[in-house]
Each structure stands twice: as C-alpha cells, then as structure tokens.
Amino acid sequence: MSSSKISHISIIMDGNGRWAKKTGMPRAFGHREGIKSINKIVSACSVRQIEELTLFAFSSENWKRPNHEVKFLLSLFEESIQKYVDDLHNNNVKVNFIGDMSKFNNRLLKNINDAEKLTKDNTNLKLNFAINYGGKWDIINSFNKMLKSNHESIQEKNVKEKDIEEFLALNGSSPDLLIRTAGHYRLSNFMLWQHAYSEIYFTDCLWPDFDEQELDLAIKYYLKTTRKFGSLVDINPSVKEDA
Ligand code: IPE
Ligand code: IPE
Ligand code: MG
C-alpha cells in the first residue's frame with residue numbers, strides 16, 4: 001500500500017491493562033507486551049516511509065495511577081531505551097523525547113539524553129516519545145518560555161499563532177493521522193494544539209494486539225479522507241487515487 005502522502009503519524013497507545021486482564025495476567029504484563037508493539041510499529045513505519053511517528057507513552061495525568069504501576073512504567077522506559085537504542089540507531093531512527101522531564105530520576109534522564117545524542121544525526125524515521133506529556137502543559141510551557149526569553153511578541157503585547165508554535169515541545173510538524181487504540185473516543189490531553197486538523201482513527205484493537213495489518217487499516221482510512229482545512233477544496237486529492 002502506498003502511504004507516501006502521510007508524513008506524520010501519532011498514536012495513543014491504549015489498552016495494555018485490559019489486554020493483560022483478558023489474559024488473566026497483571027497489568028505490568030500488558031505494558032511489557034506493549035513494548036513489542038512499539039518495535040513492530042516503528043519498523044513498519046520505516047518500511048512505509050513515514051517521516052515521523054509520535055507515541056504517547058505516559059501522560060501528565062498518569063501519575064494518578066497506583067504508585068507501583070507508575071514505578072513499574074518508569075523502570076520499563078529506562079530498561080527499554082537501553083535495550084533498543086542501538087537497534088534504533090542502526091536503523092537510522094532519530095529518537096526524541098517530549099514532555100516535562102523535571103520529575104524523572106537521573107538514570108532515566110541519562111538514558112533519554114544518551115539516546116537523543118546517539119541518534120541526533122539520523123535521517124530515516126523521526127521517533128518522538130511523549131512521556132509525562134500533557135497538551136495543556138505544552139501550551140503553558142510555551143507561554144512561560146516566551147515570557148522568560150522576553151520574546152518580541154511579549155514586548156509588543158501581541159502573541160501570534162506562530163509564536164506559540166515556536167515554543168511548543170513539538171513544533172513545525174502536526175500529525176496527519178492520529179490513531180487511538182482500545183476503544184475510547186477521546187484525546188486524553190494529547191497534543192491539543194498539534195492535532196487541531198489531524199485525521200483521527202479509533203480502533204477497538206488493544207495496543208498489545210496492534211500490528212502491521214492494523215496500521216495498514218488506519219492508513220487505508222486516512223487515504224480515503226478529504227482534507228479541506230476549513231476550505232471547500234480537498235487540498236490533497238491525489239491521496240485518494242493511491243488508496
Ligand atoms: C496504556 O494502557 C498505557 C499507559 C497509559 C501508560 P493502559 O494502562 O491505559 O491500559 P488500559 O486502558 O487500562 O487497558
Ligand atoms: C492515554 O491513556 C495516555 C497514554 C496512552 C499514555 P489513558 O489510559 O491514560 O487515558 P484515559 O485515562 O483512559 O483517558
Ligand atoms: Mg488506558
């Protein structure tokens with residue numbers, strides 16, 4: 001399937017806990033299984049020449065979970081970055097983390113910084129992990145950065161769209177397609193600004209069951225959509241000819 005018209009896919013990877021429950025296992029087991037889906041989807045996106053993939057791994061609201069689950073998730077991130085960073089690097093993937101890093105321990109921060117540094121010049125897929133990320137945090141953070149830098153828009157008391165965008169955690173590239181697994185129809189505070197005009201695909205498939213075939217179903221949905229951005233013309237009619 002041709003997916004050359006999709007540059008950027010984002011995913012709310014939901015349903016690890018329900019997947020584990022279904023199999024009679026503890027929630028942690030579902031989170032581990034979810035890492036396998038990440039590997040599959042990263043490779044699949046590279047093969048399909050997607051330029052950018054942004055994965056929602058831990059929200060600013062997920063701290064409300066029981067302490068043992070939060071601790072498990074953070075140690076799983078630490079372990080997984082270390083385990084997979086060389087493979088990602090060998091596949092020319094550029095890794096980037098977005099979110100409020102101020103709450104993380106030094107070991108996790110070191111793994112994050114090392115992974116970003118090692119892969120910074122890679123030119124294949126750009127892979128963004130959103131951890132301790134919230135869309136509202138992102139917009140507030142942008143304003144605060146603008147204030148601190150005494151940006152000209154602040155001096156002139158006239159903040160414009162492009163000024164807010166300049167300071168967002170992920171700027172310059174909005175997802176074309178947002179996928180949410182596991183049956184809920186909500187954004188859960190994921191990139192509120194950047195998803196303003198993304199196409200959204202919801203599936204009941206739980207994240208640990210999400211694979212290349214499920215990804216292709218989402219891409220197929222995207223290729224059939226009409227993108228008008230408020231106008232009356234489909235700005236990308238050629239997309240549907242590929243579908
Ligand atoms: C998504 O799976 C992973 C994170 C939010 C960290 P969940 O843990 O939310 O799984 P469900 O929604 O309870 O099934
Ligand atoms: C969204 O899933 C966050 C991530 C996938 C990281 P949640 O399971 O936290 O979302 P809600 O609580 O159902 O909205
Ligand atoms: Mg969930």
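Sequence positions, counted from 1, serve as the residue numbers for this chain. Order of listing sets the numbers, starting from 1, for every ligand and every atom in it.
A distance-only check finds a donor-acceptor pair linking the side chain of Ser37 to the backbone of Trp207 [under 3.5 Å]. The closest donor-acceptor contact from the side chain of Ser142 to the backbone of Asp138 lies at 3.5 Å or more, if one exists at all. Put simply, the side chain of Asp234 gets close to the backbone of Arg227: a donor and an acceptor are under 3.5 Å apart. With hydrogens and angles ignored, the 3.5 Å screen pairs a side-chain donor or acceptor of Ser149 with a backbone N or O of Met146.
Judged purely by distance below 3.5 Å, without hydrogens or angles, the side chains of Ser173 and Glu52 pair a donor atom with an acceptor atom. Remark: the His31 side chain and the Asn16 side chain contain an N/O donor-acceptor pair separated by less than 3.5 Å.
Between Gly17 and ligand 1, an N or O atom pair is found at a separation short of 3.5 Å.
Ranking protein heavy atoms by distance to atom 14 (O) of ligand 2, first place goes to Ser188 OG, 2.6 Å. For atom 12 (O) of ligand 2, the nearest non-hydrogen atom of the protein is Arg186 NH2, 4.5 Å. Ranking the protein heavy atoms by distance from atom 6 (C) of ligand 1 puts Ala57 O, 3.3 Å first. In terms of protein heavy atoms, atom 1 (C) of ligand 1 is closest to Met13 O, 3.1 Å.
For Ala182, the closest heavy-atom approach to ligand 1 does not fall below 4.0 Å. For Arg180, the closest heavy-atom approach to ligand 2 falls below 4.0 Å.
With a heavy-atom cut-off of 4.0 Å, Lys21 does not touch ligand 1 at all. At a 4.0 Å heavy-atom cut-off, ligand 2 touches Phe58 through the backbone alone.
Distances from the Mg ion (ligand 3) to each N, O or S atom of Asp14 single out OD1 as the nearest.
The distance from ligand 2 to the heavy atoms of Phe56 drops below 4.0 Å at these ligand atoms: 3 (C), 4 (C), 5 (C), 6 (C). The atoms of ligand 2 that sit less than 4.0 Å from any heavy atom of Ile12 are 1 (C), 5 (C). The ligand atoms of ligand 1 that sit less than 4.0 angstrom from a heavy atom of Arg18 are 11 (P), 12 (O), 14 (O). Residue Asn62 approaches ligand 1 through these ligand atoms, each under 4.0 Å from one of its heavy atoms: 5 (C). Close approach to His31 involves these atoms of ligand 1, each under 4.0 Å from a residue heavy atom: 3 (C), 8 (O).
Within 6.0 Å of NZ in Lys71 there are 12 or fewer heavy atoms belonging to other residues, nucleotides or ligands. In this structure, Gln82 places its CD atom where only 12 or fewer heavy-atom neighbours from other residues, nucleotides or ligands lie under 6.0 Å away.
Taking each of Lys22, Arg65, Arg27 in turn, the one with a heavy atom nearest to atom 5 (C) of ligand 1 proves to be Arg65.
Separation of the Phe202 and His184 ring centroids does not fall under the 6.0 Å cut-off.
Contact record, Ile131 with Phe104: CD1-CE1, 3.7 Å, taken as the closest heavy-atom pair.
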